[in-house]
Amino acid sequence: MITIRPIPAFNDNYIWHLHQDREHWVVDPGDAAPVIRSLDGQKLQGILLTHHHLDHTGGVQALKEKYDCEVFGPASIQGVTRPLQDGDRFSLFGYDCEVLAVPGHTLDHIAVVLNEDGTTHLFCGDTLFAAGCGRLFEGTPQQMHHSLSRLAALPEATKVYCAHEYTLANLAFAAAAEPENPDIQERTAAARAARAQNRPTLPSTIGTELRTNPFLRTGFPEIRAKAAAHAGDTLKTPVEIFASLRRWKDTF
Ligand SMILES: [Zn+2]
């Protein structure tokens, strides 16, 4: 069984550390030092990267030099030894992994779905967050909406490993976008309790996101109405509603 735990880095990043037997991988190491501490003298076999931002890639060079490890990720990133693109499959810890292109936050962004026997794990970087989604730095609302739709279609039990602890701030926005949703209120209480004890609120699940994440709920009437009121316009398509929600969140 794979052990997966977060290594906190910077203010609110999580570098996910995957470990089984003597094999270790990390996802999005923005900083090498906390990874080296987490490995505690053991060797790193590989690095998985979701996108090019420095807070996800800043530790790659130092880790590669220290461990001579593999670097799987988008071809756009310097140091990648195994370029990944949509539809690629590879094996990690003997389990099947599938690559999904999820442009929007950046154009090179990928997500990796790891199928461990009966459990599905999703490493989604800055595309899907707990109760939120990444900012649109490079892509269009249409691209991001499509990317999130692909992730939302994964099995509800899929464990979601986001790259930042943004949950409480995202839930405050989710509550503004959908004040009558009791699942958001319940999740907020649970997240507050976790953070009060300095515990991560992650991983999430796709099922939890479908119930509480406004960016996956653009089809619900209450969200449509709130997004339209904020935009001061009638919004027709799910992409228009998504775009309005994202603009609203940018200044929330
Ligand atoms: Zn990013």
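We count ligands from 1, going down the list as the structure has it; atoms in each ligand are counted the same way. Atoms considered below: every heavy atom in the structure, side chains included; atoms not considered: hydrogens, waters and symmetry mates. Because the structure is a prediction, the values reported are computed rather than measured.
Defined by atom type and a distance below 3.5 Å, a donor-acceptor pair is present between the side-chain atoms of Ser38 and His17.
With a 4.5 Å cut-off on side-chain heavy atoms, Pro200 and Glu165 count as touching.
Ring pair His56/His164: centre-to-centre distance below 6.0 Å. You'll find the ring centres of Phe137 and His53 inside the 6.0 Å limit.
At a threshold of 2.8 Å, the Zn ion (ligand 1) has no backbone or side-chain N, O or S atom of His109 nearer than that distance. For residue His56, no N/O/S atom approaches the Zn ion (ligand 1) to within less than 2.8 Å. At a cut-off of 2.8 Å, Asp55 is not counted among the residues with an N, O or S atom near the Zn ion (ligand 1).
Looking only at its N/O/S atoms, Asp126 has OD2 as the one nearest to the Zn ion (ligand 1). The name of the N, O or S atom in His53 nearest to the Zn ion (ligand 1) is ND1. The N, O or S atom of His51 with the smallest distance to the Zn ion (ligand 1) is NE2.
The aromatic rings of His51 and His109 sit parallel, their planes meeting at an angle under 30°, below the 60° perpendicular limit.
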